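Single-structure report; data block below.
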Amino acid sequence: MAPIPKTMFGVVIPRPGGPDVLEYKTGLPVPSLGEGQILIRNEYVGVNYIDTYFRTGLYKPPSPSSNSNHPSTNGSNDTTSPYPLITGKEAAGTITASSHPSYPVGSRVVYLADNTYAQYTLLTSPLTQATILPASLTPETACAAYLQGLTALTFIREAAGITQQLGISEGPWTLVHAAAGGTGSMLVQILAVMGAKIIATAGGKQKCELAKKLGAGWVVDSSLPQEEVIRQVKEITNNKGVDVIFDGVGKATFGTVDLDVVARKGTIIVFGNASGAVEPVDLFRLMPKNIKIMRPSMPGYITTPEEKETFTSELFDLLVTGKIHANIHQVYPLKNVAQAHIDLESRKTTGKLLLKVE
Ligand code: NDP
């Protein structure tokens, strides 16, 4: 194992803004190891839409004291401002230092954290954050599937309450928006394994074809006028409507498409803001069809080592048995992270975007 340097490279956000605020820097301090912690040399970092929310300031960054890779915790004197910030929520790599008996140095892991856009990341709660990879899973595949796969699994199991293997005829009608995207493609594949009736929406012919290949029974092109999208979804369900809607698009779809196409007693699971944050909702809008609305966050379902273990095992099993696949759109060098954000936000991508840490 190579010795651990005192400084590292990484991507720092000095202030909220567009992709141009993402600064690749060298000379950042390598976090120092505390009791029960592990230090990872990252190989791949996942790009997720949430990274853009922390970049723009839509989501408030964690405070420096709770952010173990924050530059100011080891460098500048300002311990109050969350900026400069290292963001990034998932990565895979090799443990280079460990004071945790379950995580030996040299093991390859995939993990969730708050600051993965860096050469090294310190994990303060490895049992709830990191999983040692089986030999059958490469760091690249694990990183490409982890956060979005866990999101899909926990939302299907916990939020939607779909726990049984369903038959195609009796399963609920489900609708997945942005179905060719990273999270959408995981939702479609896992729902397909379970035998749900899946309607996928995606922007354009190519994305719709991909959603179909991933296992959607029906596809609707979301670049059509919304009245047409609504008409097609209703027609597909024989006017019954959709029992469970998974919506990571947010503002553009929630108040219009979702509330219209949801079935009586249906559930709308709105979990993201790709088109902007959903406006506050008048509760009376739930009354005509007795519907439920949820706004879950994946980390809220992975708070204990047991929860992490349960969902990670199921996800790994789906991957190694080939029932689902990680679809990698592109691997960008860490230095080119701004281009990855530009591509993700311009709706040009399908599947997962990764950063390679060289
Ligand atoms: P995606 O790969 O799905 O990329 C976003 C997709 O959203 C685009 O490709 C596009 O697909 C669609 N989209 C619709 N409207 C817009 C718009 N105005 N601008 C940009 N994209 C738009 O990203 P992720 O899989 O990383 O994330 C998807 C959503 O899931 C995000 O909202 C994210 O925040 C959320 N999420 C939430 C989690 C949670 O814990 N709550 C966890 C993980 C993800 P198309 O062209 O087909 O419309």
Side-chain angles (χ1 to χ4, degrees), residues 18-19 45-56 58-59 87-90 112 114 143-160 175-190 199-212 214 216 219-224 226 229 245-258 268-278 293-303 307 311 315 326-330 340-355:
V45 172
V47 179
N48 293 288
Y49 220 93
I50 192 171
D51 304 344
T52 70
Y53 308 150
F54 281 106
R55 194 203 69 222
T56 60
L58 176 68
Y59 285 3
T87 196
K89 296 289 173 190
E90 80 186 318
L112 304 172
D114 280 331
C143 188
Y146 201 51
L147 187 148
Q148 293 167 342
L150 286 180
T151 301
L153 257 184
T154 56
F155 289 4
I156 290 168
R157 299 270 186 241
E158 299 270 11
L175 173 67
V176 178
H177 286 301
T183 309
S185 56
M186 283 290 163
L187 278 163
V188 170
Q189 290 184 89
I190 297 170
I199 306 170
T201 75
K205 193 162 171 264
Q206 279 181 337
K207 287 187 179 184
C208 284
E209 278 166 11
L210 174 61
K212 194 108 198 197
L214 293 170
V219 287
V220 177
D221 186 341
S222 55
S223 57
L224 294 170
Q226 275 197 335
V229 171
I245 300 175
F246 296 92
D247 185 353
V249 171
K251 190 173 183 171
T253 41
F254 172 77
T256 48
V257 179
D258 297 353
I268 302 172
I269 300 168
V270 57
F271 60 92
N273 327 288
S275 65
V278 170
I293 297 179
M294 298 196 65
R295 203 330 181 165
S297 106
M298 179 272 285
Y301 290 126
I302 310 275
T303 62
E307 286 171 340
F311 289 111
L315 180 64
N327 297 294
I328 298 174
H329 172 75
Q330 192 172 328
H341 277 223
I342 290 167
D343 292 349
L344 185 63
E345 289 176 298
S346 60
R347 305 171 76 159
K348 281 189 193 146
T349 67
T350 57
K352 184 76 187 181
L353 287 68
L354 289 178
L355 304 171

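Counting starts at 1 for both ligands and their atoms, in listed order. Predicted model only: the values in this text are computed from it and were never measured.
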Original post:
Polar-atom distance check: R347 versus ligand 1, any N or O pair below 3.5 Å?
Top reply: yes

Subject >> Residues that Y301 engages under ring pair (Phe, Tyr, Trp, His ring centres under 6.0 Å), provided they are two or more places apart >> reply: none

Original post:
Can you check whether T151 has an N/O within less than 3.5 Å of an N/O in ligand 1?
Top reply: no

Original post:
L147 to ligand 1: N or O pair under 3.5 Å?
Top reply: no

Original post:
Within the structure, does G248 bring an N/O atom to less than 3.5 angstrom of an N/O atom in ligand 1?
Top reply: yes

Subject >> Y59, F155, F246, F271: member with heavy atom nearest to atom 35 (C) of ligand 1 >> reply: F271

**OP:** Compute whether any side-chain donor of one residue and acceptor of the other, for N48 and E90, lie under 3.5 angstrom apart.
**Re:** yes

Original post:
For ligand 1, which atoms, with element, lie under 4.0 Å from some heavy atom of G182?
Top reply: 1 (P), 2 (O), 3 (O), 25 (O)

Original post:
Which atoms of ligand 1 are found less than 4.0 Å from any heavy atom of P296?
Top reply: 41 (N)

Original post:
Does any N or O atom in A178 lie less than 3.5 angstrom from one in ligand 1, N or O only?
Top reply: no

Original post:
Taking atom types as modelled, is there a side-chain donor on H329 or D343 under 3.5 Å from an acceptor on the other?
Top reply: no

Subject >> Ligand-residue contact atoms, ligand 1 with K207, heavy atoms, under 4.0 Å >> reply: 9 (O), 11 (O), 45 (P), 46 (O), 47 (O)

Subject >> Where ligand 1 meets S275 - atom numbers and elements under 4.0 angstrom, heavy-atom basis >> reply: 15 (N), 17 (C), 18 (N)

Subject >> T201-ligand 1 polar pair, N/O distance under 3.5 Å >> reply: no

**OP:** Below 4.0 angstrom from a heavy atom of Y53, which ligand 1 atoms are there? Numbered from 1 as shown, please.
**Re:** 31 (C), 32 (O), 33 (C), 34 (O)

Original post:
Which of the numbered atoms in ligand 1 are below 4.0 angstrom from a heavy atom of Q148?
Top reply: 24 (P), 25 (O), 26 (O)

Original post:
Taking Q226 for the side chain and A252 for the main chain, is one N or O donor matched with an acceptor at less than 3.5 Å?
Top reply: yes

Subject >> Heavy-atom side-chain contact between E209 and V219 under 4.5 Å >> reply: no

Original post:
Counting heavy atoms only, which part of Q206 comes closer than 4.0 Å to ligand 1: side chain, backbone, both or neither?
Top reply: neither

**OP:** Give the numbers and elements of all ligand 1 atoms closer than 4.0 Å to a heavy atom of V249.
**Re:** 14 (C), 15 (N)

Original post:
By ring pair (Phe, Tyr, Trp, His ring centres under 6.0 Å), which residues pair with F155, not counting sequence neighbours?
Top reply: F271

Original post:
With a cut-off of 4.0 Å, which atoms of ligand 1 are near a heavy atom of L344?
Top reply: 2 (O), 4 (O)

